[in-house]
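So the structure is just underneath, and the comments pick up after that.
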2 protein chains.
Amino acid sequence: MPKKTLPCGRPAAPAAPHATSARIAEWQQKLRDYLTAQGLKYSEQRWKIAELILSIGRHLDAQGLVDRVKKEHPGIGAATVYRNIKVLCDARILKESLTDSNGRVVYELFDDDHHDHIVCLDCGEIFEFHNDQIEALQNSLVRDMKFKQVKHRHVIYVNCEYAQK
Amino acid sequence: MPKKTLPCGRPAAPAAPHATSARIAEWQQKLRDYLTAQGLKYSEQRWKIAELILSIGRHLDAQGLVDRVKKEHPGIGAATVYRNIKVLCDARILKESLTDSNGRVVYELFDDDHHDHIVCLDCGEIFEFHNDQIEALQNSLVRDMKFKQVKHRHVIYVNCEYAQK
DNA sequence: ATGAATGCAAAGGTTTTGCACCCCC
DNA sequence: GGGGGTGCAAAACCTTTGCATTCAT
């Protein structure tokens, strides 16, 4: 098995196994449950879009998703993709994740454990991090100011030591 | 002097004195110096836009600035505002600051000391914070991953205890 | 006088909306 | 059968660009 490297030269970490078939069935059930609960309807397109996201398992902006869908399922229109991004976020299958260096909102698969992001400005790759101490400091800071934290977005933009400029 | 409250009911902190006339003269000089150094030219419109930003002294997105300029100086076109946002950022009079809850880049006056932001979801107000410990943790985390930090954006979205829902 | 800046309008790109038709429940 | 969903195209937005003109140096 050949050693993978990222576009910037950094050795690639193994990808998370988002798309096992059991996992996919589980997500599909989650979607169906949500739709039923909301009085919404299942559709072929809706699931195809969700499935595509699951199989990609990467950070994507809306336009990127439209392009991917158009490639894999030419029959599905852009409006349908945009409409379904909203639905899938509400269904907690997708979530808004960060703003990339172009100012576009990036989506990722919903998961229950929180993480923040590091964006490599050399290769565009998005890494995740989690730091309990930072989270704790954040919480007490917000509490001291008499606010109630709803969510936060902590993105660190970096260059990469591996990058040959 | 009546006690000010923010839209969400929170008592307002006194605004930073961005726009004293001495301060304005200083910024104007800074702009002139920058323009000269770059072989660019001073213009009435350019300064009027900068002056408006200084006098507002608040966080604004590009469109918000266009609207304000249009209101105060109807003769100035939107393209000029967009072109000058870039110039003013390069001149370190403005800087990109955060992404608001609508995904739009928000600009603020340039200052040398770094801070991050708390966005009140009840009233839209943007607060600033700075925490050395968080910064330090962030730096070592990034260093450990063999990245070089370029910048970061840390935004906490909150509700406000003062808000009556 | 020379090159930069402006205003306007047109073009670009992204996202939303209106509407006729289709399909899931 | 009825209300949601889809596709298409048009509209809405925001931002950039081209070009003739004006202006700063």
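Residue numbers begin at 1 in each chain, while the letters A, B, ... track the order of the sequences.
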Q. Knowing that exactly one of A:L88, A:L54, A:I56, A:L60 qualifies, which makes a side chain to side chain contact (heavy atoms under 4.5 Å, CB included) with A:L109?
A. A:L54
**Q.** Crowding at CD, B:E72 (>12 non-hydrogen neighbours, <6.0 Å)
**A.**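 Result for CD/B:E72: enclosed.
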Q: Could you tell me whether the phosphate oxygens of C:dT16, OP1 or OP2, come under 4.0 Å of any side-chain nitrogen or oxygen in A:K86?
A: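 Indeed, a polar side-chain atom of A:K86 lies that close.
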Q) Under 4.0 Å between a side-chain N/O of A:Q63 and OP1 or OP2 of C:dT15, yes or no? A)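 Yes, because at least one side-chain N or O of A:Q63 sits under 4.0 Å from OP1 or OP2 of C:dT15.
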Q) Can B:R32 be said to sit on top of B:Y42's aromatic six-ring, NZ or CZ under 6.0 Å from centre and within 45° of the ring axis? A) yes
Quickly work out the [X] [atom1] to [N] [atom2] distance and round it to whole Å.
X      : N      : atom1 : atom2 : result
B:D67  : D:dT15 : CG    : P     : 10 Å
A:L65  : C:dT15 : CG    : C1'   : 13 Å
A:I85  : D:dT6  : CD1   : P     : 13 Å
B:Y107 : D:dT15 : OH    : C1'   : 10 Å
B:E96  : D:dT15 : CD    : P     : 11 Å
B:N84  : D:dT16 : CG    : P     : 13 Å
A:Y34  : D:dG5  : OH    : C1'   : 15 Å
B:Q38  : D:dA24 : CD    : C1'   : 17 Å

(Q) Base, sugar-phosphate or nothing for B:A62? Non-hydrogen atoms, less than 4.0 Å. (A) sugar-phosphate
Q: Mind telling me whether B:F147 and A:F127 have parallel, tilted or perpendicular rings, with 30° and 60° as the class edges?
A: tilted
Q) Is any side-chain N or O of B:R83 under 3.5 Å from a base N or O of C:dG7, one able to act as donor and the other as acceptor? A) yes
Q. How many angstroms lie between atom CG of A:D116 and atom CD of A:E135, to the nearest 0.5 angstrom?
A. 5.5 Å
Q. Using the benzene-type ring in the case of Trp, are the ring centres of B:H115 and B:H130 under 6.0 Å apart?
A.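 No.
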Q: Please find out if less than 6.0 Å separates the ring center of B:H154 from that of B:H117.
A: no
Q: Scan residues 39-51 of chain A against DNA chain D and write down, sorted by residue number, each residue with any heavy atom closer than 4.0 Å; if none is found, say none.
A: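 Per residue number, the list reads A:G39, A:L40, A:K41, A:S43, A:Q45, A:R46.
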